[in-house]
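Just so it is clear, the model here is predicted, and its values are computed rather than measured. Any value given below was found using the heavy atoms of this structure, including those in side chains, with hydrogens, waters and symmetry copies removed.
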Amino acid sequence: MRILKDRSQILLVVVGIILVVSNIFLILKNIQIQKQVEQSKQFVTDEGYKFSELRFKGLDGHDETVNFSEKKLKTLLLVFSPSCNYCVQQYPTWTELVGKIDYNHWRVLAV
């Protein structure tokens, strides 16, 4: 009986050690991912950073080109997929929202 109790205690200690080690590994991995996200944020949001032109076919079927570095208008880019049921369901809501936008300050692109 004493041997079984000792084995179960050893098993609990081993499981505990495994959990602690795996948690430490996950914490270190999360720190690494957080650093990568922060670095990518800094890259994209650096002052003076210019995006290349974006060429696409709009919902109306016309080819469009957008230069995101232009400072005269802020750009709202909406991306929809015809194979995405959620996108199709939400499209009327987005259309209504886009209808309320002040086009003197915003440019809306729907793809």
Side-chain angles (χ1 to χ4, degrees):
M1 187 72 134
R2 174 96 172 131
I3 295 173
L4 289 177
K5 190 174 182 182
D6 289 342
R7 285 184 183 174
S8 64
Q9 288 176 344
I10 291 172
L11 181 61
L12 285 174
V13 169
V14 169
V15 169
I17 291 172
I18 290 171
L19 289 174
V20 168
V21 169
S22 61
N23 277 331
I24 290 171
F25 173 77
L26 290 173
I27 289 169
L28 294 174
K29 188 68 173 170
N30 283 337
I31 291 170
Q32 179 186 13
I33 291 171
Q34 183 180 12
K35 286 179 183 177
Q36 289 173 347
V37 168
E38 288 301 319
Q39 286 175 350
S40 67
K41 261 195 237 179
Q42 290 172 353
F43 174 74
V44 172
T45 59
D46 283 345
E47 187 174 334
Y49 180 80
K50 297 194 183 314
F51 289 94
S52 61
E53 287 186 346
L54 174 65
R55 295 185 181 125
F56 63 94
K57 191 173 291 281
L59 292 177
D60 59 3
H62 292 93
D63 290 332
E64 298 191 38
T65 302
V66 176
N67 184 347
F68 289 104
S69 297
E70 295 173 357
K71 294 188 178 192
K72 57 185 175 184
L73 295 175
K74 294 180 182 175
T75 303
L76 174 62
L77 178 63
L78 302 172
V79 181
F80 297 96
S81 172
S83 63
C84 169
N85 289 333
Y86 180 77
C87 295
V88 172
Q89 291 170 358
Q90 294 300 315
Y91 184 76
T93 304
W94 284 105
T95 304
E96 181 181 338
L97 176 69
V98 167
K100 297 176 183 179
I101 289 179
D102 179 5
Y103 286 96
N104 293 321
H105 301 298
W106 287 89
R107 166 181 45 199
V108 179
L109 306 172
V111 181

Could you pull out all donor-acceptor pairs under 3.5 Å where a side-chain atom in residues 92-103 meets a protein atom, sequence neighbours excluded?
unit_1 : atom_1 : unit_2 : atom_2 : d
Thr95  : OG1    : Tyr91  : O      : 2.8
Asp102 : OD1    : Asn104 : N      : 3.0
Asp102 : OD1    : Asn104 : ND2    : 3.3
Tyr103 : OH     : Val98  : O      : 3.1

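When hydrophobic clusters are built by joining Ile, Leu, Val, Met, Phe, Trp and Tyr residues whose side-chain heavy atoms come closer than 4.5 Å, directly or via intermediates, Ile10 is grouped together with Ile18.
Shown here are the side-chain contact (heavy atoms from CB on, under 4.5 Å) partners of Leu11, two or more places apart in sequence or in another chain: Val15. Taking the side-chain contact (heavy atoms from CB on, under 4.5 Å) definition, one finds that Val13 meets it with Ile17, sequence neighbours left out. Not counting sequence neighbours, Phe25 has no partner by the side-chain contact (heavy atoms from CB on, under 4.5 Å) test. Here Thr65 pairs with nothing under the side chain to side chain donor-acceptor pair (under 3.5 Å) rule; sequence neighbours left out.
Through side-chain heavy atoms spaced under 4.5 Å, either directly or across other Ile, Leu, Val, Met, Phe, Trp or Tyr residues, Leu28 is tied to Val20, Ile24.
Pairs passing the salt bridge (Lys or Arg N to Asp or Glu O under 4.0 Å) check and including a residue from residues 18-35, sequence neighbours excluded, do not occur.
Taking CG from Asn30 and CG from Asn23, the interatomic distance works out to 10.5 Å, rounded to the nearest 0.5 Å.
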